[in-house]
Amino acid sequence: MEKYEMIAPCHFGMEAVLKREITDLGYDITEVDNGKVTFAGDITAIARSNIFLRTTERILLKAACFRAETFDELFENIKALPWERYIPKDGKFWVAKANSVSSKLFSPSDIQKIVKKAMVERMKQTYHTDWFEETGESYPLRISIIKDIVTVGLDTTGESLHKRGYRKFTAPAPVSETLAAAILLLSPWKKDRVLVDPFCGSGTIPIEAAMLARNIAPGMEREFTAEGWNNLIPRKIWYDAVTEANDLIIQDAQLTIQGYDISEEALKMARANSQLAGVEKEIHFQQRDIRDFSSPKKYGFVISNPPYGERLSTKEEMWNLYRNIGQVMEENETWSFFLLSGYEDAVKAIGAGGSRKKATKNRKIYNGMMKTYLYQYMGQKPPYRKERKEDE
């Protein structure tokens, strides 16, 4: 079967997690760069990567990579590509997005116009027509130019992969589904361990944890642009990928996942979202303040996206909240804490709360355009399973 290259964009700082996901799916990595991982696979990889990968934003079918410093060079290189290999005569094609960084070609609108014009010229020669109705399936392109290197990709996904389909209700300043999954995969948390999100909002982190623990593929309940590309991908490939995903779901997972929030309205959203995701039985949601955090378990994980700015109105409120987190850390010294925050004084405030824990790692992550840090405070490792059951 013919091999293709696929590009999987991700949050800056999460490339290693995505690389591991792709490798576990059975594909060979060809390149890892800031904010993206490129891999090779046959045509079935388009369906399987869209359905199974948790931490990428979309899957691009890589069409070309070349240098262009002028619009003439861009035009000629695009025109030389075999677009008939990808796009049928009635296909609808356009440049959905173009971005340029540190390059001589910097106008997104001009880049989009030149690429479209070059594609039309190529397809005129191939299909022997001067006019394209574009009444068929959609074939959107994405163009990235970094230091004059142009990367051309066909967007197989459509709506971003962070839209799993379950988050119909959203609390203020939510963490995206892809980023929540990446944080969980970065941590040593496993499904036999307790997990608490004390700032759960609309429930994204607990829901992603339950889906991960039950091995529910994130793309099972949504549609993709490339599902209509029958000239490239037979429908059976999509059906087979969904069947594979269904067969891998764990039906009887014994989980202890909890989501707390002080807002009852947010908890209503979280419960509704968890039901849409099919994991409402695996998560216990409860109205509770961080100051009331407690657990009968000696070992566990707190994985959360505490408020920083958008949900708090004053610096004093921010400081007090993170100081409370520090107090909870001190009272639960055997627990591990993974906190994603854009609050610049988070470590100081946590320390002011009495916590003697030191962050074992501060990982910089761009959440959209906002710079945040994933603060990792590792607790004690639990004893072996038999001893842990006796202890608990």
Side-chain angles (χ1 to χ4, degrees), residues 11 50-55 57 157-185 187 189 191 194-224 242 245-246 248-290 292-293 295 300-312 321 338-341 367-368:
H11 287 276
N50 270 299
I51 289 170
F52 283 98
L53 293 180
R54 300 178 189 276
T55 61
E57 297 300 315
T157 302
E159 203 168 33
S160 175
L161 286 174
H162 79 268
K163 296 189 176 182
R164 321 287 207 210
Y166 67 75
R167 198 165 73 175
K168 302 296 185 185
F169 309 96
T170 307
V175 63
S176 75
E177 293 89 328
T178 47
L179 185 51
I183 294 169
L184 289 160
L185 289 169
S187 77
W189 175 75
K191 63 184 178 183
V194 181
L195 187 150
V196 178
D197 180 358
F199 305 96
C200 73
S202 52
T204 307
I205 290 176
I207 291 170
E208 289 293 320
M211 290 177 68
L212 183 62
R214 288 192 55 202
N215 207 25
I216 299 174
M220 284 182 61
E221 300 297 328
R222 53 159 291 167
E223 296 178 345
F224 307 97
V242 172
N246 268 310
L248 292 172
I249 294 175
I250 299 170
Q251 300 293 348
D252 56 351
Q254 300 298 311
L255 308 176
T256 307
I257 300 174
Q258 300 169 356
Y260 304 149
D261 206 282
I262 59 172
S263 168
E264 183 57 42
E265 189 63 32
L267 291 170
K268 287 179 183 178
M269 296 179 189
R271 292 186 184 102
N273 289 337
S274 68
Q275 189 170 12
L276 288 170
V279 293
E280 71 274 15
K281 294 179 181 178
E282 282 75 33
I283 308 170
H284 172 67
F285 290 108
Q286 184 179 359
Q287 188 174 21
R288 186 184 289 195
D289 191 283
I290 183 65
D292 301 322
F293 181 95
S295 175
F301 281 82
V302 168
I303 300 179
S304 191
N305 174 222
Y308 50 92
E310 292 185 47
R311 285 181 280 176
L312 294 175
L321 184 139
F338 284 68
L339 307 171
L340 179 72
S341 177
N367 186 5

[X] to [Y] - nearest heavy-atom pair and separation:
| X | Y | answer |
| --- | --- | --- |
| Phe285 | Arg271 | O-NH2, 3.3 Å |
| Cys200 | Pro206 | CB-CG, 4.2 Å |
| Glu57 | Ser160 | OE1-OG, 3.0 Å |
| Leu340 | Asn305 | O-ND2, 3.0 Å |
| Leu276 | Tyr166 | CD1-O, 3.3 Å |
| Ser274 | Ile283 | CB-CD1, 4.3 Å |

Requested in this report: Mind running side chain to side chain contact (heavy atoms under 4.5 Å, CB included) on Tyr308 and Leu339 for me, showing each step along the way?
Outcome: CA-CA 11 Å; Tyr308 50 92; Leu339 307 171; over 6 Å; no
Is there side-chain contact between [X] and [Y], with at least one heavy-atom pair below 4.5 Å?
| X | Y | value |
| --- | --- | --- |
| Leu184 | Phe301 | no |
| Val196 | Ser295 | no |
| Thr55 | Leu185 | yes |

Query raised in the report: What orientation do Tyr260 and Phe293 show, parallel under 30°, tilted 30 to 60°, or perpendicular over 60°?
Result: perpendicular
Query raised in the report: So Ile216 and Val279, side chain to side chain contact (heavy atoms under 4.5 Å, CB included) or not? Walk me through it.
Result: CA-CA 10 Å; Ile216 299 174; Val279 293; 3.8 Å; yes
Between [atom1] on residue [X] and [atom2] on residue [Y], distance to nearest 0.5 Å:
| X | Y | atom1 | atom2 | result |
| --- | --- | --- | --- | --- |
| Lys281 | Leu255 | NZ | CG | 13.0 Å |
| His11 | His162 | NE2 | NE2 | 8.5 Å |
| Ile207 | Glu282 | CD1 | CD | 11.5 Å |
| Ile51 | Met220 | CD1 | CE | 8.0 Å |
| Glu223 | Glu159 | CD | CD | 10.0 Å |
| Gln258 | Arg288 | CD | CZ | 7.0 Å |

Treating [X] as the side-chain partner and [Y] as the backbone partner, does any N or O pair qualify as donor plus acceptor under 3.5 Å?
| X | Y | result |
| --- | --- | --- |
| Asn215 | Leu248 | yes |
| Asn273 | Lys168 | yes |
| Gln287 | Ile262 | yes |
| Arg214 | Ile250 | yes |
| Arg164 | Arg54 | yes |
| Arg222 | Lys163 | yes |

Query raised in the report: Do other residues, nucleotides or ligands put more than 12 heavy atoms under 6.0 Å from the CD atom of Glu221?
Result: no
Query raised in the report: Is the number of heavy atoms from other residues, nucleotides or ligands under 6.0 Å of Glu264 CD greater than 12?
Result: yes
Requested in this report: Under the ring pair (Phe, Tyr, Trp, His ring centres under 6.0 Å) rule, collect the residues that match up with Phe52, sequence neighbours excluded.
Outcome: none
Report task. For Ser202 and Arg167, test the side chains for any donor-to-acceptor distance below 3.5 angstrom and give the result as yes or no. Result -> no
Report summary line: The side-chain contact (heavy atoms from CB on, under 4.5 Å) partner of Phe199 among Ile205, Leu321, Val302 is Leu321
